[in-house]
**Q** 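Quick one: the structure is below, questions incoming.
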Amino acid sequence: MTVERVGVSFEPELLSSFDAMLRERGYASRSEALRDLAREALSKRAVDEGNGKVMGTLTILYDHDASGLSHKLVHVQHEHHAEVMSTLHVHVDERNCLEVLLIKGERSEVKLLAERIRALKGVELGELVLVKA
Ligand code: NI
Ligand code: NI
């Protein structure tokens, strides 16, 4: 495999923060770290763009005492029963719940489900992590 060399310019402050992160993560070289970042960005773009099947998780934090929220969350998930494979629910404290939804389906449907859940009043986080299925 042939490799191509590229030159990258950094502001000193950015470079020193970047180097500190590389040390923490145990990278042997800046090149390897930059290649990993490029791969990560490309794989993210492949998932974000176009159609096709994806799978992943939606992590939400919510206050179950917020008006009607528990009921609305169950309702939205039932409307998307084809996409929601499983949920994991943990009671964080007296009011707050952490829930991880395992989801799968057409990218547009999965994104719509995530948007609908994030839009509910009282839902925090709403971190969506997807891979191509
Ligand atoms: Ni149900
Ligand atoms: Ni709970």
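The basis for the numbers below is simple: all heavy atoms, side chains too, and nothing from hydrogens, waters or symmetry mates.
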**Q** Side-chain contact, heavy-atom cut-off 4.5 Å: Val100 with Thr87?
**A**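 No. Closest side-chain heavy atoms not under 4.5 Å.
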
**Q** Quick one: does Leu37's side chain get under 4.5 Å of Phe18's, heavy atoms only?
**A**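 SC-SC contact between Leu37 and Phe18 confirmed.
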
**Q** Would you say Leu22 ends up clustered with Val6 if hydrophobic residues are merged whenever their side chains have heavy atoms under 4.5 Å apart, either directly or through other cluster members?
**A**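 In one cluster: yes.
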
**Q** What is the distance from atom NE2 of His75 to atom OG of Ser70, rounded to the nearest 0.5 Å?
**A**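 Rounded to the nearest 0.5 Å, the NE2-OG separation comes out at 14.5 Å.
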
**Q** Quick one, Leu61 and Val92 - any side-chain contact, counting heavy atoms below 4.5 Å?
**A**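 A side-chain contact under 4.5 Å exists here.
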
**Q** Give the cluster check for Leu120 versus Val110: same hydrophobic cluster or not, with ILVMFWY residues linked at side-chain heavy-atom distances below 4.5 Å.
**A**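 Shared cluster, yes.
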
**Q** So Ile60 and Leu73, do their side chains get closer than 4.5 Å, heavy atoms only?
**A**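 Yes, close enough: below the 4.5 Å cut-off.
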
**Q** Please find the pair of heavy atoms, one from Arg95 and one from Asp65, that lie closest to each other, and give the distance.
**A**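 Closest approach of Arg95 to Asp65, heavy atoms only: NH2-CB, 3.6 Å.
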
**Q** Rounded at 0.5 Å granularity, tell me how far NE2 in His64 sits from NE2 in His89.
**A**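 Reported to 0.5 Å precision, the distance equals 8.0 Å.
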
**Q** A side-chain contact here means heavy atoms from C-beta on lying under 4.5 Å apart; do Ile103 and Met55 qualify?
**A**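 Answer no - side chains too far apart.
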
**Q** Can you list every salt bridge (Lys or Arg N to Asp or Glu O under 4.0 Å) pair that touches residues 111-133, not counting sequence neighbours?
**A**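 Qualifying pairs, neighbours excluded: Asp48-Lys111, Glu79-Arg116, Glu115-Arg118.
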
**Q** Go through the steps to decide whether Leu113 and Val84 satisfy the test side-chain contact (heavy atoms from CB on, under 4.5 Å), and finish with yes or no.
**A** CA-CA 9 Å; Leu113 166 62; Val84 180; 3.8 Å; yes

**Q** Quick test of your reading: applying side chain to side chain donor-acceptor pair (under 3.5 Å), list the pairs with at least one residue in residues 9-24, sequence neighbours left out, ordered by first then second residue.
**A**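 As it turns out, the side chain to side chain donor-acceptor pair (under 3.5 Å) pairs with a partner in residues 9-24, which skip direct neighbours, are Asp19-Arg30.
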
**Q** Regarding His80 and Glu83, is there a side-chain donor-to-acceptor distance under 3.5 Å anywhere?
**A**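 Yes, Glu83 and His80 have a side-chain donor paired with an acceptor closer than 3.5 Å.
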
**Q** For Arg39, give me all partners under salt bridge (Lys or Arg N to Asp or Glu O under 4.0 Å), at least two apart in sequence or on another chain.
**A**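 Listed in chain order: Glu32, Asp36.
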
**Q** Do Leu69 and Val123 pass the side-chain contact (heavy atoms from CB on, under 4.5 Å) test, and can you show the C-alpha distance, the side-chain angles, and the key distance before you say yes or no?
**A** CA-CA 8 Å; Leu69 182 55; Val123 173; 3.9 Å; yes

**Q** Do Lys53 and Glu106 touch side chain to side chain, with heavy atoms closer than 4.5 Å?
**A**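 Side-chain contact under 4.5 Å: yes.
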
**Q** Step by step, work out the side-chain contact (heavy atoms from CB on, under 4.5 Å) result for Leu101 and Ile117.
**A** CA-CA 11 Å; Leu101 286 69; Ile117 288 179; 3.7 Å; yes

**Q** Treating Ile, Leu, Val, Met, Phe, Trp and Tyr as nodes and any side-chain heavy-atom pair under 4.5 angstrom as an edge, say whether Tyr62 and Leu88 lie in one connected cluster.
**A**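 Shared cluster, no.
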
**Q** Starting from Leu14, can I reach Leu34 by hopping between I/L/V/M/F/W/Y residues whose side chains sit under 4.5 Å apart?
**A**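 Linked, Leu34 and Leu14 end up in one cluster.
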
**Q** Checking side-chain contact (heavy atoms from CB on, under 4.5 Å) for the pair Glu40/Arg35: CA distance, chi angles, key distance, verdict?
**A** CA-CA 9 Å; Glu40 199 182 308; Arg35 284 193 293 270; over 6 Å; no

**Q** Tell me the closest heavy-atom pair linking Gly122 and Ala66, and the distance in Å.
**A**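 Closest approach of Gly122 to Ala66: CA-CB, 4.5 Å.
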
**Q** Identify the two heavy atoms, one from Leu58 and one from Ala114, that lie closest to each other, and give their separation to 0.1 Å.
**A**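 So the minimum-distance heavy-atom pair works out to CD2-CA, 3.9 Å.
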
**Q** Take atom NE2 in His71; do more than 12 heavy atoms of anything else shown fall under 6.0 Å from it?
**A**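 Atom NE2 in His71 is not crowded, with 12 or fewer foreign heavy atoms closer than 6.0 Å.
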
**Q** Is it true that Met21 and Leu15 fall in one hydrophobic cluster, defined by side-chain heavy atoms closer than 4.5 Å?
**A**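 Hydrophobic grouping puts Met21 with Leu15.
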
